[in-house]
Amino acid sequence: MSETTPDHDPPRVNEQKLTPAELKKRAKAEKQARRAAQKDQKPEEEGPPPAAEPANGINGESKTPQKNSSAPQQQQQQQQKPKAEKQQKAQQQKPGKQGAQEAEPHHKRTGSQQMPLRRRPSQSGAQPKAPVKTKKDNKQVELFSHLYTQPRRHTIEGVSKDVHPAVLALGFQISSYEICGSSARCVAMLLAFKEAIQEYTTPVGTSLARHLTSHYLSPQIDFLKSCRPISESMGNAIRWLKKLIVEIDPSTPEQEAKDELCERIDTFIRERITVTDQAIAASACQQIKNGSVVLTYAKSSIVEKTILEAHAKGTQFRVIVVDSRPLLEGKRQATTLMHAGLEVEYVPFSGIPHAVKHATVVLLGAHSMLSNGCLQSRIGTAAVAMHATKRDIPVIVCCESVKFSGKVALDSIVLNEVAPAEELLLPSKPTPSRPAPKDSSEDEAEAKPKTLEDWKDIPHLQLLNLMYDVTPAEYVRMVICEYGSLPPSSVPVVHRLANEGM
Amino acid sequence: MPAATVGQTPSLTTFLKSLKTSSVESSIELLASLLKRRQIKNSRQCALATAQLLRRVVGAERIKDPQKLIDRIRDVGRRLVAAQPREMAVGNIVRRVLGVVREVVEEQLGDDGSGSSGPSTPTSPTSRAPKRPMISHTFSSFTPLSHGAAMPYDMHPRPGTPGSSSPSGVDRLADATAAARRPGLATSASYASIAPTNASLLSFLEHPLGRSPGATPPATSSPRMTPVQSSMELNKEKIDIKAEVIDGIKDLLDELEVVDSQIAESALDHIHSNETILTHTSSQTVQKFLATAARKRKFTVIHAEAYPNDHEATHATILNGGKKSTGDDDEVDDRWKPLTALGITVIMIPDTAVFALMSRINKVILAPHTVLANGSLLAAAGASTIALAAQAHRVPVVVLSGVYKLSPVYPFDTQELIEYGDPGKVVPFEEGEFMDKVDVVNPVYDWVDAELVSLYVTNLGGCAPSFLYRIVADHYRMEDVDLGAKSG
């Protein structure tokens, strides 16, 4: 290859001064330098050199200048050439490259830059990245690594400009649990979409049916997803809405189409959620009889409605609300029931055995009913249902068909949502403040006790805050939906009828 | 109450300090009130306090008659148990001490019978160890008869059959258990949670004088000794008995101290590499057990926090490792590193997530509050959810319990065993209207049925729940068992 240099390499322009012999000599030195450089490289990482070799091979003759820049250090050490020559050579590179740009645009510079580039990311570039990653992973429970998608969005930063203000507001309400619960989120989403749709204008050259879903609704949905993973009911509603949009006749005037959509959304909310809730409540409150003790867990709007309706009918019964940390939704429910004048007992999660001892019926809300009959609901529901089943207390799930899902699950691990672990930290609210003074006095004696707030700094400590769990179908005696009361095995039938057959 | 608690929250530490200075009677009063006010709680602390108090009681007593000493201990025990019947460790320790007294008395007589009264002190530390196996093999002769919880405790020895032969002895036992059953129920009217057979034991706690002095083991029988000089040597015995009983109590205290290490010794027999272990609340025993295993093996611990009663202690345990809840403990300064410092991944979860995670858990390790005679247990609230979920997922449940937590109580009414705690921990009292109108309930303990437990690991080794009754018998019925079995 060295013999090719003189006749072929275009840098002639300034290399004219060098004799062929000198060139040869230099080429040899460069070759040595390159080898030395490769040798140095090898122990560190074996991948790139073989990769670099073929690249050189392709370039063939063009190797010389390439080497020049790739290993200038060794070159300087090894070369016993006069300084002047070196300078020349240094000079030769740049003009050479420039000159060669037209002749052989693909070789040398590109190649020579690639080499170090390739090396760096693998050596130093990867290193700073790795520790960061492991540190982060440390705090994520491996079993649930598939659920740690992105941290929930609480700021407006970086939001797509397409997101409608109503959807924006909704997103933050959802991520802060202000709007919580599958149906509530679904209704709120549809209402926000209604507003968004009204303000939508179809760009010229496309039709509403083709453009609305993919270019306008998608960013809204993505934004909502980034605030909190969307629930099954939201998914069903979105699917329904998309189908509806596609079916719009392209010839319909835009405003008419939008009005039509909004009207249909209203109907959907009314038919699938509002009226449905009333129907379910009316049906479920028949399960509450005089003297019943109703056990319920956390908060479900539909269970609340059922209990209030039974109370309004004049049935004499008692309610036990089981609640759990960190959301303490049950407390809100208990407060509502208390204000309605019901006899309420409030039990922490640890008191389930006590609660089921007295209960005669367990009413549960759902996040989603899965097609294999399993109930996906607030974490802890499965334990309540298990205790009740062990004591032969009927477990009744109240669930709108919009929450029925085609998915199946065997455990609570694959389908779930991981909430921010920070929610588990004890807030500085009155509850823990009583023991806190005692703690702190103790803590003074101890050198430096850590608190749970420091959990991120403690290696190997992880906090896990799941949102849902899956209650096996055998713990569910009956599902009440607007189609009637069913065994959990009939869930897929209703799902097909209600969510897919439409 | 005594003024020993000036300037400090009364606790085990202050009690132990005041024990050295105040009088016996006021110490008893103090412990009873501390128990009542729940300022000493948890089995370990109760056991320690009781043992220390009894040491003081025995030390202060002038022993003329061993029976008097037994009566005195029973009396103290009764007061303490009445102060806090749900801290069963108190009763357990009282029974153990009573057992020590009886044993010492027997030993004494045996020694006298064999010749000298001198070697009494050296024999006492060893006496308990060799005795146990002996009892258990005499026991084996009647295990077939003792089904379930009906243990062959011959608490009502028949006067007519002191020297009967082996078969008749067995018959007698059967009779006795049958007989004990009915009076047991009668006495358990005040103590409804106590097994009929066990009630007889408690009944002698309750009615110390109900038992004739003639029924004391030394006087009636001990086949090894010839009961000739029982009363003649009383004066000589007096000091020896006291010293030995105190030695015996010291042994008991030693046992309380080493119980965790003893349990931890078997950690490697139960934990293999790379498994996922679920545990609950903060327990020194469990933490030491896991730490021992962590030295050799790597595994993952999932720790449920036991809200709302123990979650702060749990957090402290996870974060800082062992520090006694009493702070500066002068006697046992139990400190150990948190598991995370040993390279063990600890995942803290709220109790609600137990069912969701159970399918990925290899073992559940629980620490009980009390273990009952039939193999069921009381543990911090939430334990029954864990045990049930474990059963639903076929996950083995291992219970780590020192023998001092083993109680001869039989759970007839599990409801009665459960203590209800401060509702303010669930909902702060600041929320007046809520607290006013809503019935807030905060159970502190859960009862877990024996069938949910796969294995007990005690400081004597591992055993099935169905075997526990024998360990109970070994520890609390010695002289009575001896009475029945000695004829053989």
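Throughout, protein chains are lettered first and strands after them, A, B, ... in sequence-line order, and every chain is numbered starting at 1.
Under the 4.5 Å side-chain criterion, counting only non-hydrogen atoms from C-beta, A/Q462 is in contact with B/T345. Side-chain contact check for A/Y346 versus B/D439: every heavy-atom pair is 4.5 Å or farther apart. Considering only heavy atoms from C-beta on, A/L424 stays 4.5 Å or farther from B/Y307 through its side chain. Contact of the A/S350 side chain with the B/P308 side chain is registered, since non-hydrogen atoms from C-beta on lie closer than 4.5 Å. Counting heavy atoms from C-beta on, the side chains of A/H460 and B/V346 never come closer than 4.5 Å. The shortest side-chain heavy-atom distance between A/K390 and B/Q391 falls under the 4.5 Å cut-off. Counting heavy atoms from C-beta on, the side chains of A/H354 and B/Y420 come closer than 4.5 Å. Here the side chains of A/P472 and B/F355 are in contact, with some heavy-atom distance below 4.5 Å.
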Verdict with reasoning, B/R360 to A/D411, per salt bridge (Lys or Arg N to Asp or Glu O under 4.0 Å):
CA-CA 9 Å; B/R360 296 297 180 277; A/D411 55 31; 2.5 Å; yes

What do the steps show when you test A/K331 against B/V427 for side-chain contact (heavy atoms from CB on, under 4.5 Å), and what is the final call?
CA-CA 9 Å; A/K331 207 162 135 191; B/V427 179; 4.2 Å; yes

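For A/L143, the part lying under 4.5 angstrom from a heavy atom of chain B is the side chain only. Proximity to chain B is limited to the side chain of A/I458, based on heavy atoms less than 4.5 angstrom apart. Neither the backbone nor the side chain of B/I386 comes within contact range of chain A; no heavy atoms are under 4.5 Å apart. Both the backbone and the side chain of A/L463 have a heavy atom closer than 4.5 Å to some heavy atom of chain B. For a residue to count as touching a neighbouring chain, one of its non-hydrogen atoms must lie under 4.5 Å from one of that chain's; by this rule A/V470 touches chain B with the backbone only. Heavy atoms of B/E305 lying under 4.5 Å from chain A belong exclusively to its side chain. Proximity to chain B (any heavy atom under 4.5 Å) is shown, for A/P348, by both the backbone and the side chain. Heavy atoms closer than 4.5 Å to chain B are found in both the backbone and the side chain of A/L464.
Counting non-hydrogen atoms of other residues, nucleotides and ligands closer than 6.0 Å to CG of A/D457 gives a total above 12. The number of heavy-atom neighbours closer than 6.0 Å to CD of B/Q415, taken from other residues, nucleotides and ligands shown, is above 12. Atom NZ of A/K299 is surrounded by more than 12 heavy atoms from other residues, nucleotides or ligands within 6.0 Å.
Residues A/I379 and B/A353 come closest through the heavy atom pair CD1-CA, 3.6 Å. Of all the heavy atoms in A/F349 and B/D351, the pair that sits closest is CE2-O, 3.6 Å.
Top candidate by heavy-atom pairs under 4.5 Å with chain A, chosen from B/V354, B/L342, B/V444, B/L357, is B/L357. Note on B/A389, B/S359, B/S384: by heavy-atom pairs under 4.5 Å with chain A, the leading option is B/S384. Of the listed residues B/T276, B/I349, B/T385, the one with more heavy-atom pairs under 4.5 angstrom with chain A than any other is B/T385. Heavy-atom pairs under 4.5 Å with chain A were tallied for B/L319, B/T352, B/I347; the largest tally goes to B/T352. The greatest number of non-hydrogen atom pairs below 4.5 Å with chain B, out of A/A383, A/P353, A/A355, is found for A/P353. No other option in B/V441, B/I418, B/N309, B/T300 has as many heavy-atom pairs under 4.5 Å with chain A as B/V441. Heavy-atom pairs under 4.5 Å with chain B peak, among A/D469, A/L466, A/I413, at A/I413.
A salt bridge is absent between A/E343 and B/K437: the closest approach of a Lys/Arg side-chain nitrogen to an acidic carboxylate oxygen does not fall below 4.0 angstrom.
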